[in-house]
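Here's the structure, in structure tokens; my notes come after.
Letters go in sequence order (proteins before strands), and every chain restarts at 1.
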Amino acid sequence: MPTLILSDGSRHTIPEGRPIAESLRIIAAKSGAVAVKTGDAMLDLYTPAPVEGEFTLVTKESPESLELLRHSVSHIMADAVMRLFPKVKLAIGPAIENGFYYDFDMEQKLIPEDLARIEEEMRRIVKENAIFRRFEMPRAEALARVRAEGQTYKAELIEGLEGDTVSFYESGKFTDVCRGPHLARAGFAGAFKLLNIAGAYWRGDEKNAMLQRIYGTAFWNETALKAHLAQVEEAKKRDHRILGKQLELFHLTDVVGPGLVLWMPKGSIVRMELENWIRRELLSRGYDVVYTPHIGRLGMYRTSGHFPYYQDSQYPPLIDRETMKQLADEKCSCGELCNRMEKGEVDGYLLKPMNCPHHIQIYKASQHSYRDLPVRLAEFGTVYRFEQSGELGGMVRVRGFTQDDAHLFCTPEQLEGEIASCVELTKLVLETLGLTDVVVRVSLRGPESGKYVGSAENWARAEENLRHVVKNIGMPYTEVVGEAAFYGPKIDFIVRDCIGRQWQLGTVQVDYNLPERFGLEYIGADNAPHQPVMVHRAPFGSLERFVGILIEHYAGAFPLWLAPEQVRVLPISEGQAEYAQGVLKGLRAAGLRAEIAPANEKIGAKIRQATMDKVPYMVVVGAREAEQGQVALRHRTQGDLGAMKPEELVERLKREIAEKK
RNA sequence: GCCAGCGUGGCUCAACGGUAGAGCGCCGCUUUCGUAAAGCGGAUGUUGUGGGUUCAAAUCCCACCGCUGGCUCCA
């Protein structure tokens, strides 16, 4: 009798003359598996399996089983939506990281209350327990079928598919074009919840129709679902927008303008500490510090290519009064004004969207020998970008932000070494702060040629340089086409916020193009002029976004060196007021950021307040301490740490600050 | 920018056509207290802005502004 070998080593005899798929299904079902895998391909239990091969069972414990579940639940949801709103056109409905979505094109606007109705319908479908039956048909036939059903998006999908046949899944009366795999039956659907409704352009392109997207999530059981939802709720409490308000770190108001951050005193401390730290690191690495203005002439940005390449995400140019008046007299329209500015007939100033053109002018201000290179110009440079209103959010997506920017000008031979040390610095930043959930992305040029400046050779060289470095940094990375800056490819460091969204922080970018456009030079050993290569880099990315992410990372409880208030002195009663003031003065004199709790509260209340304010250390001073010239130390999470001399305390805290822990 | 939802004292929320309210915070007084909330009293709102419907609007309608979640773009 034939024997099937599963990759767990178990051997299974199969009755002769029966399809192998059926045997696999029986084996899988017996073991509680929901699918089987051969190589990278997951096969559901009703899909014909290849006759030979090694099979792994996919159980409910494996992460990919959740993907399968969620994909199937998204189909069940689509089925439910179609039952409730028969005219709906289906777009796509994949499983995503923590759940699934499905996009619909329908007349009726979905409202949150509809979700409950849809869920109810879904439960009915689950109860019906139909088999997810896979079948295939030739392309032309498939196309005719979906067209007859009026499913125009599905037709578009089929047109884009490779291969001669198209697979469908049918469960009950619902059929969908789908690659699979799926649950064996709708009844296995487990626990699910629909979460929210959102708009989404068909294929993500704003020229296309706006579809209605329903997001949801699913787990194998109620407990896991509840745990996940609770975890999401918990994560929301770390949201930097909430903590930023509670802890008075920053403020946003439409009086100043959307996306324009006001750093409050406490938030400013965090930023200042980060700036001071990194500035010392830069100086020790041979960087020079520079300062440049916030605006620059249009001509400079025409040379750099920011204007017009980057035009859409800039605040409109500033024009002086005289010119404006003159143009008004000429009855110049706005459209015409734009044209004339693009042509360079009208001058103006731009709020700087990037610091590089200014730094380039500093480089150009003096002659450079190959002996001077690399020149590394660093600045906490504030830039302004007119982001689309719908994109703004808290500190992580704003219209004015400060980059810990620097531009390195070096010889081609020095380039890879410079890139590598920038990457090292970025890693140091992330490691020091314990940001470990970081993804490295190599962002390359995409096919749209209109978005980029420079020659194909320059791009190829730059991409080669980056790949070469990134291979040696010991971090896994992915390459993404179409994510490059307009002047060059880059290595990006991407982290997640409290609700799982990914944000780019640090970046290292190679640029052969701006040196060319600005005609940069250095004199080589051969006594002839050569063109330097530029590296743009920012280990934090932007201080706004970085601090926003950091607030969430620490849940507002900053380590001692970053804490806006490091110590709070808590007198037990008025009797120790004078002694407590002395302790406070001593701490401040030692360079610690210390405050004193307001009088007229019991010690318990003072402790509670300081803990909620996330002050790392409290020193309790009562009659006992005053008498012995001591302080009783308390940590916000570790509790009472015992009594000690103020000098001991200072030494202890200074050590902790130096360690940045 | 587009789709959807939401804007009520400093904060979190209630009132959902009929006199805007609670908790926390804030201010004052009493209490001076030993490791996560002392007691009493008080002030605080042109309900985001502007129009409209109505005898009457926080509540219904329209426009704008802002925020939140997505789509697209980026640090």
Contacts of [X] that satisfy salt bridge (charged side-chain N to carboxylate O under 4.0 Å, His left out) - sequence neighbours left out:
X	value
A:Asp640	none
A:Arg501	A:Asp497
A:Lys266	A:Glu248
A:Arg203	A:Glu156

(request) Measure distances between side-chain N and O atoms of A:Glu625 and base N and O atoms of B:G34, and say whether any donor-acceptor pair falls under 3.5 Å. (result)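 It does, because a donor-acceptor pair links the side chain of A:Glu625 to the base of B:G34 below 3.5 Å.
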(request) Report the stems of RNA chain B as range-with-range entries sorted by first number; a stem here is at least three consecutive pairs, Watson-Crick or G-U wobble, both distances under 3.5 Å, and write none if there are none. (result)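 RNA chain B stems, ordered by first number: B:1-7 with B:65-71, B:10-13 with B:21-24, B:26-30 with B:38-42, B:48-52 with B:60-64.
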Given the [atom1] atoms of [N] and [M], what is the spacing between them in whole Å?
N	M	atom1	result
B:G39	B:G34	P	16 Å
B:A75	B:C13	C1'	36 Å
B:G9	B:U68	C1'	22 Å
B:C55	B:C64	C1'	29 Å
B:G25	B:C11	P	15 Å
B:A4	B:U47	C1'	23 Å
B:C40	B:G52	P	48 Å
B:C27	B:C74	P	49 Å

(request) Of all the heavy-atom pairs spanning A:Ala91 and A:Leu157, show the shortest one and how long it is. (result) O-CD1, 4.0 Å
(request) Kindly give the heavy-atom pair with the smallest separation between A:Arg568 and A:Val615, and that separation in Å. (result)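 Heavy-atom minimum between the residues: NH2-CG2, 3.6 Å.
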(request) Give, ordered by number, those residues of residues 241-250 of chain A having at least one heavy-atom distance below 4.0 Å to an atom of RNA chain B; if nothing qualifies, reply none. (result) A:Arg241, A:Lys245
Anything under 3.5 Å between a donor and an acceptor, one on a side chain of residues 435-444 of chain A, the other on a protein residue two or more places apart or in another chain? List them.
unit_1: A:Arg441; atom_1: NE; unit_2: A:Ser443; atom_2: OG; d: 3.2
unit_1: A:Arg441; atom_1: NH2; unit_2: A:Asp492; atom_2: OD2; d: 3.3
unit_1: A:Ser443; atom_1: OG; unit_2: A:Asp492; atom_2: OD2; d: 2.9

(message) With nearest nucleotide decided by heavy atoms, which residue, A:Ile111 or A:Ala632, maps closer to the 5′ end of RNA chain B?
(response) A:Ile111
(request) Go along nucleotides 36-45 of chain B 5' to 3' and tag each nucleotide: B for a protein heavy atom under 4.0 Å from its base, S when only backbone or sugar atoms are that close, - otherwise. (result) BBB-------
(message) Protein within reach of the bases, or only the backbone? For nucleotides 70-75 of chain B, mark each nucleotide 5' to 3' as B, S or -, using heavy atoms under 4.0 Å.
(response) BBBBBB
Separation of [N] [atom2] from [X] [atom1] (nearest whole Å):
X	N	atom1	atom2	answer
A:Asp254	B:G48	CG	P	13 Å
A:Lys237	B:U12	NZ	P	15 Å
A:Met618	B:G34	CE	P	17 Å
A:Glu233	B:G69	CD	P	13 Å
A:His251	B:G66	NE2	P	15 Å
A:Asn98	B:G69	CG	P	16 Å

(message) Other residues, nucleotides and ligands only: do more than 12 of their heavy atoms fall within 6.0 Å of CD on A:Glu627?
(response)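 Result for CD/A:Glu627: open.
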(request) State whether the side chain of A:Glu379 and the backbone N or O of A:Asp405 hold a donor-acceptor pair below 3.5 Å, judged by distance alone. (result)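 No.
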(request) Please list, chain by chain and in numerical order, all residues satisfying side-chain contact (heavy atoms from CB on, under 4.5 Å) with A:Ala218, sequence neighbours excluded. (result) A:Leu69, A:Arg70, A:Val73, A:Phe100, A:Phe192
(request) Not counting sequence neighbours, which residues clear side-chain contact (heavy atoms from CB on, under 4.5 Å) with A:Lys193? List them please. (result) A:Glu119, A:Leu195, A:Leu225, A:Leu229
(message) For A:His536 and A:Tyr487, take the angle between the two ring planes, folded into 0 to 90°, and tell me which bin it lands in: parallel under 30, tilted 30 to 60, perpendicular over 60.
(response)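 Ring orientation, 0 to 90° scale: parallel.
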(message) Can you tell me how far apart CZ (A:Arg636) and CE (A:Met612) are? Round to the nearest 0.5 Å.
(response) 14.5 Å
Could you check whether [X] gets within reach of a base, just the sugar-phosphate, or nothing at all, counting any heavy atom under 4.0 Å?
X	result
A:Gly394	sugar-phosphate
A:Ala623	base
A:Leu392	sugar-phosphate
A:Lys109	sugar-phosphate

(request) Can you sort out the partners of A:Glu387 under side chain to side chain donor-acceptor pair (under 3.5 Å), two or more places apart, ordered by chain and number? (result) A:Arg397
(request) Run through A:Lys237, A:His240, A:Arg238 and flag the one making a side-chain hydrogen bond (donor to acceptor under 3.5 Å, both in side chains) with A:Glu552. (result) A:His240
